Structure formats: structure tokens, C-alpha cells
Amino acid sequence: MKVILSINAGSSSVKISVYAASHHKATPREIADAQVSGLTAPPAKLTYNRQGASVEKGKEVDASSQDTAFRLLLDTLINDEALKDISSKDDIAIACHRIVHGGDYDDAQLITKDTYHHIEALSDLAPLHNGAALGIVDACINQLPSTHNVACFDSQYHQSIPAHIATYPINQDIAKKNKLRKYGFHGLSYAFIARSTAEFLHKDESSLNIIALHLGSGASACAIQNGKSRDTSMGLTPLAGLPGATRSGSVDPSLVFHYASDVGKLSPASTSQLHISRAEEILNKKSGWSALTGTTDFAAIASRATPEQALAFDLFVDRVAAFIGSYFVSLGGDVDALVFAGGIGEKSWQLRDAVVQKVQCLGFRVDEGKNKGPLKGVVDDISGDGDGSKKVLVCQTDEQFEMARMCATKEELWR
Ligand SMILES: Nc1ncnc2c1ncn2[C@@H]1O[C@H](COP(=O)(O)OP(=O)(O)O)[C@@H](O)[C@H]1O
Ligand SMILES: CC(=O)OP(=O)(O)O
Ligand SMILES: [Mg+2]
């Protein structure tokens with residue numbers, strides 16, 4: 001039996017789950033979970049559960065970066081005397097880290113100097129994530145010297161996307177040389193969603209076809225065919241596709257050159273002076289809900305209390321519905337379920353209601369009572385009645401569990 005710390009650095013949160021795991025047992029047992037959420041909507045809040053019982057719920061804390069949030073969470077776990085499985089730092093055998101951009105990696109990796117530098121080199125392609133996650137890896141290397149660190153990649157699940165979908169129509173020599181293609185992210189979540197949904201529907205995962213939506217601080221959609229990713233809305237970086245808390249999502253790429261009023265008038269010769277990195281920063285960190293409404297709290301946006309919030313809400317519904325329509329066609333109409341997940345997908349009944357109404361023409365309906373009621377279990381059916389209506393589900397996704405599960409079967413960790 002080994003203690004695994006499973007660390008998920010999202011763009012607005014850090015979530016840690018602690019597991020007791022045995023080699024090859026596919027279901028690590030959860031001992032505790034702790035998270036700091038709301039990093040982009042201060043004050044950040046700490047929630048901590050031990051053995052399924054609540055210890056802290058929404059306690060306001062002073063944390064504005066993933067790094068400070070992690071240190072606070074690690075202290076919380078190590079200083080809790082009632083958490084018997086971690087009486088000292090040495091009890092933590094494995095720390096697994098959610099690394100959003102894994103480039104061509106198709107399997108979790110033990111973090112060595114080589115893998116560390118490789119992940120570091122990919123940081124520009126996930127500007128809100130890889131650097132922050134590596135900051136946490138550094139903290140683990142320094143503070144937990146006897147712990148093995150493992151990188152689990154969000155991009156891994158999307159290795160199955162066919163070439164004609166992953167390819168950008170640009171010069172292919174340059175595309176290959178610079179590895180410019182659709183990678184896709186939220187893959188740990190989609191892997192969890194696919195397995196849990198198949199179990200819920202009593203289907204073999206290899207014959208499962210669903211449209212899955214991971215809607216959190218970063219949001220994406222995924223067309224899952226025969227249990228594998230066929231298409232997803234994020235691309236080379238997590239900026240593409242749906243808008244998010246501080247991200248624009250897809251815009252006309254030329255917008256970058258017209259963002260400042262005088263930029264469009266520059267001659268081609270002077271465009272080398274343009275600060276593309278500044279444009280990237282604006283689209284990643286200063287756009288999305290924050291730019292439209294002044295808040296990244298989606299519960300406030302879903303209240304539609306101001307015209308700006310109503311605009312942001314309607315815009316999101318429009319973009320999400322467009323991906324559902326596209327993926328419905330991509331799956332040839334053979335769709336077992338539409339599945340909502342992520343902070344917004346799991347918690348905002350208003351968003352689910354509005355999205356499903358928009359795609360009613362495809363046969364999706366929600367039951368009002370089930371949609372508004374508390375969620376029961378990992379997967380919950382909120383479908384409404386209707387002739388030939390298709391299933392609508394909510395999945396309480398668990399990226400930390402997915403990582404711990406990967407570690408339980410990784411031979412080199414158990415030798
Ligand atoms: N009750 C709620 N209603 C609507 N949205 C919510 C609610 N609680 C949290 N959210 C939203 O969920 C998002 C965070 O989701 P999460 O998946 O935890 O994000 P991440 O992993 O990207 O940090 C935030 O935009 C937050 O506003
Ligand atoms: C990939 C991504 O955007 O992740 P998150 O939603 O956790 O920020
Ligand atoms: Mg997340």
C-alpha cells in the first residue's frame with residue numbers, strides 16, 4: 001500500500017486528493033481531498049474533507065497563485081493529526097501532477113530532469129497551466145525529497161483524433177517541424193467521464209458514443225466515439241474553442257492585428273515590432289467572463305442580473321450549442337448521451353437548462369426537477385421525457401482519481 005497525492009492545478013484552482021493505493025488495483029481508495037478554488041475571483045476558498053467528512057468548507061484564504069494554494073494545501077494535510085496515513089512527509093510515496101500540455105507524450109511519465117525540461121519547453125503552449133504545475137513539481141522536489149513525482153497529461157487522451165481533424169490547413173513542412181496541430185486538453189477528465197458514463201449506461205466503453213462537455217474555468221467539448229476522443233474544441237493550446245473565465249476562446253485570428261486601433265494600419269515591414277506575446281496574454285488572461293462582466297464567478301453570470309452577465313451567458317450557450325451540433329454530425333447522430341461536467345457543467349442548472357433547450361432539435365430534453373435537484377452519484381440522469389429523446393447526464397468528474405488510477409498500474413513506481 002502506498003499513499004498517493006494527486007495534484008490538479010487548474011486555471012482557477014488547485015485540487016489535491018490523497019489515496020491509499022495498491023499495485024494493479026484499479027480503484028485507489030480516497031482518504032482525503034482538499035482544494036483552494038476561486039484563484040481568479042478573490043477571496044480564494046479552502047475546502048477540506050477527511051475520510052468523507054467535512055473539515056473545512058469554503059474558508060476564505062489568502063492565495064492568488066497555484067503555488068501559494070499548493071503550499072497551503074500541503075500544510076493542511078501534513079499538519080492534520082487526524083489524517084493518520086500522512087504522519088510525516090515521508091509517508092507520501094507518489095505525487096502525481098496534472099500537466100495540461102504533454103506534447104507527443106502518450107503515457108504518464110516519471111519526472112526526471114529530462115521530462116521536466118521537456119514539459120518546461122511546452123510551457124508557452126499552455127500559458128495558464130504548465131508553468132504553474134511545474135512550480136508545484138518544484139515545491140514537491142524541495143519539500144518531499146523521498147517522493148516520486150509523476151506527470152499525467154491532459155493531452156494524452158486525444159492522441160486518437162484522426163489526422164484530418166487534428167491538422168491545421170497551413171504549410172505542412174512548418175506544421176510538422178514546429179509540431180503545430182490540435183492537441184486537445186481536459187483529457188484526464190474525459191477519460192474519467194467516458195469510463196463512468198459507460199458503467200452508468202451498462203455499455204462497453206469501446207462502444208460508447210457521447211458528446212462530453214467539460215465546462216470549468218477553462219471550457220471544452222469532446223466528441224467521444226467508441227470510447228475514444230474523435231474531436232475536441234481546444235487546439236494547439238487551451239485557448240481555442242469555447243470561452244472561459246479569462247480566455248476568449250476562438251476568435252478570428254486576424255483580430256490580434258486589429259486589437260489596438262492603430263495596429264491595422266502598420267505596414268507589413270513593421271509588424272515584426274508587434275508584441276504577439278502581449279496579444280496572447282490579453283486573449284488568455286484578460287478576456288472571457290472577466291472582460292465581459294468584470295467577474296469570473298459563473299454563478300453570478302448565470303443570474304443574468306446585469307445586461308453584461310446576460311450577454312456573457314447567452315454567448316456561452318450559443319458557443320456550447322454550436323459544438324454539440326457539430327459533434328452530433330461528427331458522430332453521425334449515433335449519440336448515447338450528452339454529458340455535462342466541470343465546475344459550471346456540474347453546478348449551473350441554468351446553463352444546462354439553456355444549452356439543452358438550444359439543442360432540443362437534436363432530441364435532447366431535461367427534466368426540470370432532476371436538473372435543479374441535488375446530484376446523486378458520480379453520474380446522474382437529468383433527461384426529460386419525449387418521443388425518442390436522447391439521454392442528458394451530469395458527471396462529477398474526477399481528474400485526481402484518474403491520475404491515481406494511472407499510477408496504480410505504472411510498473412516502475414512499484415518495483
Ligand atoms: N454554483 C455554481 N454555479 C455556477 N458556476 C459555478 C458554481 N460553482 C463554481 N462555478 C464555476 O465553476 C468554475 C470553476 O470550475 P472548475 O472546473 O473547478 O475550474 P478549474 O479546474 O478550471 O479551476 C468557475 O468559473 C466557477 O465560477
Ligand atoms: C485545460 C484547461 O483549461 O484546464 P482548466 O479548465 O482546469 O483551467
Ligand atoms: Mg479544471
Side-chain angles (χ1 to χ4, degrees), residues 8 10-13 15 35 37-38 41 98 154 157 184-197 200 210-224 229 232-234 238 241-245 247 249 288-289 296-303 312-325 327-328 335-359 362 364-368 370-384 390-402:
N8 170 7
S11 49
S12 73
S13 63
K15 299 168 188 161
Q35 61 171 284
S37 59
R98 172 174 172 237
D154 236 13
Y157 183 69
F185 309 98
H186 288 141
L188 293 161
S189 176
Y190 289 127
F192 181 91
I193 292 169
R195 190 174 56 256
S196 308
T197 303
F200 183 80
I210 59 172
I211 299 169
L213 305 168
H214 181 106
L215 312 176
S217 190
S220 72
C222 186
I224 297 177
S229 176
T232 192
S233 57
M234 287 178 172
L242 295 169
R247 278 172 259 181
W289 315 139
T296 59
D297 173 3
F298 201 84
I301 293 165
S303 75
F313 186 86
D314 294 344
L315 184 154
F316 198 34
V317 172
D318 172 75
R319 304 298 195 272
V320 173
F323 274 108
I324 297 171
Y327 290 169
F328 195 88
V335 179
D336 298 318
L338 171 65
V339 188
F340 287 87
I344 298 172
E346 292 165 38
K347 293 189 184 114
S348 180
W349 65 263
Q350 294 95 328
L351 193 273
R352 293 193 298 261
D353 186 59
V355 166
V356 177
Q357 276 196 39
K358 261 261 161 11
V359 297
L362 300 176
F364 297 105
R365 312 251 185 298
V366 285
D367 178 280
E368 201 186 326
K370 289 181 193 160
N371 185 36
K372 287 187 183 174
L375 298 177
K376 302 182 259 20
V378 176
V379 180
D380 203 7
D381 190 341
I382 59 165
S383 322
K390 290 191 147 43
K391 281 211 180 305
V392 182
L393 308 175
V394 183
C395 176
Q396 300 189 59
T397 191
D398 195 341
E399 293 148 305
Q400 296 93 281
F401 177 83
E402 200 56 36

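Counting begins at 1 with the first residue of the sequence. Here the structure is a predicted model, which means the values were calculated and not measured.
In this structure the side chain of T232 never reaches within 4.5 angstrom of the side chain of Y157, judged on heavy atoms.
Here S196 pairs with nothing under the side-chain hydrogen bond (donor to acceptor under 3.5 Å, both in side chains) rule; sequence neighbours left out. Every residue meeting the salt bridge (charged side-chain N to carboxylate O under 4.0 Å, His left out) condition with R98, not counting sequence neighbours, appears here in chain and number order: D154, E399. Qualifying side-chain hydrogen bond (donor to acceptor under 3.5 Å, both in side chains) partners for K391, counting only residues two or more places apart in sequence or in other chains: D381. Evaluation of the side-chain contact (heavy atoms from CB on, under 4.5 Å) rule for K15 yields N8, S13, Q35, Q400 as partners, not counting sequence neighbours. Y327 meets the ring-ring contact (aromatic ring centres under 6.0 Å, His included) test with F323; sequence neighbours excluded. For F185, the ring-ring contact (aromatic ring centres under 6.0 Å, His included) test picks out H101, with sequence neighbours left out. With sequence neighbours excluded, the residues that form a salt bridge (charged side-chain N to carboxylate O under 4.0 Å, His left out) with D336 are K203. Residues forming a salt bridge (charged side-chain N to carboxylate O under 4.0 Å, His left out) with D367 (at least two apart in sequence, or on another chain): none. For K347, there are no salt bridge (charged side-chain N to carboxylate O under 4.0 Å, His left out) partners, not counting sequence neighbours. For T397, the side-chain hydrogen bond (donor to acceptor under 3.5 Å, both in side chains) partners are S189, not counting sequence neighbours. Residues passing the side-chain hydrogen bond (donor to acceptor under 3.5 Å, both in side chains) test with S37: none are found, sequence neighbours excluded.
Within the structure, side chain to side chain donor-acceptor pair (under 3.5 Å) contacts touching residues 314-325 (residues at least two apart or in different chains) are R304-D314.
When atom types are taken as modelled, the side chain of R352 and the backbone of K372 share no donor-acceptor pair closer than 3.5 angstrom.
Residue K370 qualifies as enclosed at atom NZ: its count of foreign heavy atoms under 6.0 Å is above 12.
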